[in-house]
Amino acid sequence: MSFEVALPVIIPLLTGTLCVMLWRYNVIQRVLSIAGSIALLASSIWLFVSVLREGHVVMYMGNWVAPYGITLVADMLSAIMVVLTGMMAVAIAIFSLSSASPSHERFGYYPLMHLLLAGVAGSFLTGDIFNLYVWFEVMLIASFALLILGGERAQMEGAVKYVTLNLLSSAIFLSAIGLLYGITGTLNMADIAVKLGSAEHTGMIDVIAVMFLVAFGIKAAAFPLFFWLPASYHTGPVAVSALFAGLLTKVGVYALFRVFTLIFNQNPDFTHELLLWVAVGTMLTGVLGAAAQFEFRRILSFHIVSQIGYMILGLALFTPLAIIGGVFYIMHHIIVKTNLFLISGITHRLMGTYDLKRLGGMYQARPVLSILFLIPALSLAGIPPLSGFFAKFIIIKAGIEVEAWFVTFIALLVGLLTLYSMIKIWGEVFWKKLPKGVDRAALDEGKTSGSLAVLYVPVVLLAACTLFIGLNGQPIYEFAEFSAAQLLDPDGYIDAVLGGNRP
Amino acid sequence: MEPIMAIVVGLLYAAAIYMMLRRSIVKLVIGLMLLSNAANLLIFTSAGMTRGAPPLIPLGSALPDGAVADPLPQALILTAIVIAFGVLAFAVVLIHRAYNIIRTDNLDQMKDTDT
């Protein structure tokens with residue numbers, strides 16, 4: 001019995017439930033939240049090691065053998081994503097110790113956070129397409145509630161858009177599942193892949209593929225379906241923004257990777273060509289949107305969109321090297337983006353605003369924070385020797401290899417424009433003098449109290465991860481290579497899941 | 001039966017999208033409700049509407065007698081209905097809170113976070 005596949009789902013569910021039961025005891029909830037996150041990270045590393053050893057780790061729920069029961073499957077991509085989920089959980093749990101206000105804690109901040117993590121981990125590990133829908137909904141309902149904690153006007157406006165578009169996406173996803181079930185008569189992803197592989201390819205399959213593309217495209221904030229993201233991500237509490245920025249859109253990207261390598265791989269001329277143009281649009285609109293913004297978190301939100309484009313580009317090029325690049329990019333991006341949001345939270349704590357025009361003088365007052373900002377910011381822009389350089393380098397090399405010149409040019413251009421945005425934040429927040437009329441008491445006060453030090457802990461840890469990936473990229477590249485090899489060989493996945501039941 | 005159901009499903013989708021494109025936030029939520037119902041009926045229809053006995057296996061045998069209906073789509077729909085119920089309950093509370101805070105039900109006036 002490979003119990004380790006279920007643990008990353010069970011642990012956050014259990015932590016969340018315990019936190020609900022201890023609703024009134026905030027201190028215990030905090031301790032539980034930290035303990036649960038660390039346990040999640042530990043179990044995810046256990047899973048990762050098993051996958052590294054065995055290739056695929058499969059567990060049948062209730063011992064109903066696939067394709068009849070629900071299956072949990074971990075391949076390398078799932079394992080990588082779950083490890084990253086664990087890392088983000090620990091970082092956000094530590095950050096929340098100081099950033100979550102008592103009113104947030106009173107309304108169930110910790111239970112919701114862990115239910116969200118359970119939904120994310122469940123989406124990464126399930127091998128059943130309807131079960132994927134259920135985990136998506138678990139994740140969504142928790143994220144809805146987290147986003148509106150605090151109940152300010154902007155949060156309500158952002159939440160209306162976020163809820164509507166995500167429910168629309170769920171409805172499209174559900175319809176696509178229904179149609180797919182009508183064709184194949186099964187819900188197990190491996191079994192669907194077998195049935196579709198042997199069936200005659202009809203236009204209906206392309207229609208369903210596009211429905212999945214739209215549904216996951218909304219979740220992943222791909223062009224032209226991303227408008228809900230920059231309208232809502234900057235409204236929630238900052239730790240929640242950071243968690244969403246790191247994990248939620250990447251669940252959509254993961255689902256795209258899974259579905260378009262395993263199930264809809266018969267007609268890449270159509271589906272992957274479409275993905276290619278989606279990727280180009282996503283990269284360009286995201287980065288141009290960021291250039292127009294003057295609010296810290298809003299700039300970062302638009303950059304999530306543009307970076308999603310690179311990941312989809314890796315999938316769309318559909319060569320081994322490109323898939324490696326896509327997976328590498330996801331690993332690098334989750335760490336860097338969460339870190340940038342956390343840093344924006346620290347500047348907000350110091351200065352009380354996210355508006356670039358009212359920020360400044362941070363380099364003089366907080367040199368350490370400035371350096372900590374530069375590491376993820378330059379990594380996002382792809383400056384060597386940080387992690388983003390290798391991620392971009394692999395994808396662009398893959399683009400040159402298949403002679404997709406236009407796409408490669410766009411990818412390079414977007415890298416440059418990302419650098420522009422990051423320099424804009426650097427110049428406005430850290431380098432320029434503090435604008436006149438802004439109260440700088442908080443900066444001078446030397447708030448080196450314990451609560452601020454706690455905020456620095458996850459930022460330093462994540463920056464260290466970025467540096468590690470940048471300076472020691474070889475093992476990370478090998479993990480990505482392993483997962484790309486698995487993704488491009490659906491038969492391995494199918495054999496692992498169906499085992500002897502394969503027709 | 002299938003053609004009639006297909007038309008009904010299509011009409012439900014059309015009505016849902018029409019309602020979602022209106023300016024009022026209440027109509028938006030009604031649109032979401034119709035949309036989830038349309039998706040449920042679509043699963044029901046596309047899985048094949050067979051007239052069959054309930055899928056129960058008599059005591060002592062390993063297979064059911066004769067043709068039975070596929071129970072899986074109904075299980076899917078049941079799950080989806082429960083999920084939609086929960087999510088829509090949240091949406092209704094959300095628009096109520098949003099109305100109380102923003103003091104309007106017009107979506108066109110909720111653009112502060114857009115630009």
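Residue numbering restarts at 1 for every chain, and letters A, B, ... go by the order of the sequence lines.
Scanning all heavy atoms of the two residues, the minimum distance from Ala80(B) to Phe130(A) falls at N-CZ, 4.4 Å.
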Evaluate Phe90(B) against Val163(A) for side chain to side chain contact (heavy atoms under 4.5 Å, CB included), listing each step before the verdict. CA-CA 9 Å; Phe90(B) 177 86; Val163(A) 169; 4.0 Å; yes
For a side chain to side chain contact (heavy atoms under 4.5 Å, CB included) check, start with the C-alpha distance between Leu179(A) and Ile43(B), then their side-chain angles and the critical distance, and finish with the verdict. CA-CA 7 Å; Leu179(A) 293 173; Ile43(B) 298 179; over 6 Å; no
Before you tell me yes or no, could you show the steps for Ile141(A) and Val87(B) under side chain to side chain contact (heavy atoms under 4.5 Å, CB included), namely the whole-Å CA-CA distance, both residues' side-chain angles and the distance that decides it to 0.1 Å? CA-CA 7 Å; Ile141(A) 194 83; Val87(B) 173; 4.1 Å; yes
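Heavy-atom pairs under 4.5 Å with chain A peak, among Leu72(B), Leu88(B), Leu107(B), Ile95(B), at Leu72(B). Across Thr235(A), Ile177(A), Thr164(A), Val134(A), the residue that shares the most heavy-atom pairs under 4.5 angstrom with chain B is Thr164(A). Taking chain B as the reference chain and counting heavy-atom pairs below 4.5 Å, the highest number among Leu168(A), Ile183(A), Leu180(A) is found for Leu168(A).
Remark: Phe294(A) CZ is packed, more than 12 non-hydrogen atoms of other residues, nucleotides or ligands lying under 6.0 Å away.
At a heavy-atom separation below 4.5 angstrom, chain A is approached by Tyr13(B), Met20(B), Ile25(B), Leu28(B), Leu32(B), Leu35(B) within residues 12-36 of chain B.
Considering CG of Leu42(B) and CG of Leu174(A), their distance stands at 8.5 Å, rounded to 0.5 Å.
Pairs passing the side-chain hydrogen bond (donor to acceptor under 3.5 Å, both in side chains) check and including a residue from residues 67-94 of chain B, sequence neighbours excluded, read Tyr181(A)-Asp70(B). Within the structure, the salt bridge (charged side-chain N to carboxylate O under 4.0 Å, His left out) test picks out the following pairs touching residues 128-154 of chain A (sequence neighbours left out): Arg153(A)-Glu157(A), Arg153(A)-Asp112(B).
Residues forming a ring pair (Phe, Tyr, Trp, His ring centres under 6.0 Å) with Trp228(A) (at least two apart in sequence, or on another chain): Tyr162(A), Tyr233(A).
Judged purely by atom type and a 3.5 angstrom limit, Ser175(A) has no side-chain atom pairing as donor or acceptor with the backbone of Ala39(B).
Heavy atoms closer than 4.5 Å to chain A are found in the side chain of Ile83(B), but not in its backbone. Looking at Phe173(A), there are no atoms closer than 4.5 Å to chain B (heavy atoms on both sides), in backbone or side chain.
In this structure, Arg97(B) and Ile148(A) have side chains that are not in contact, with every pair of non-hydrogen atoms separated by 4.5 Å or more.
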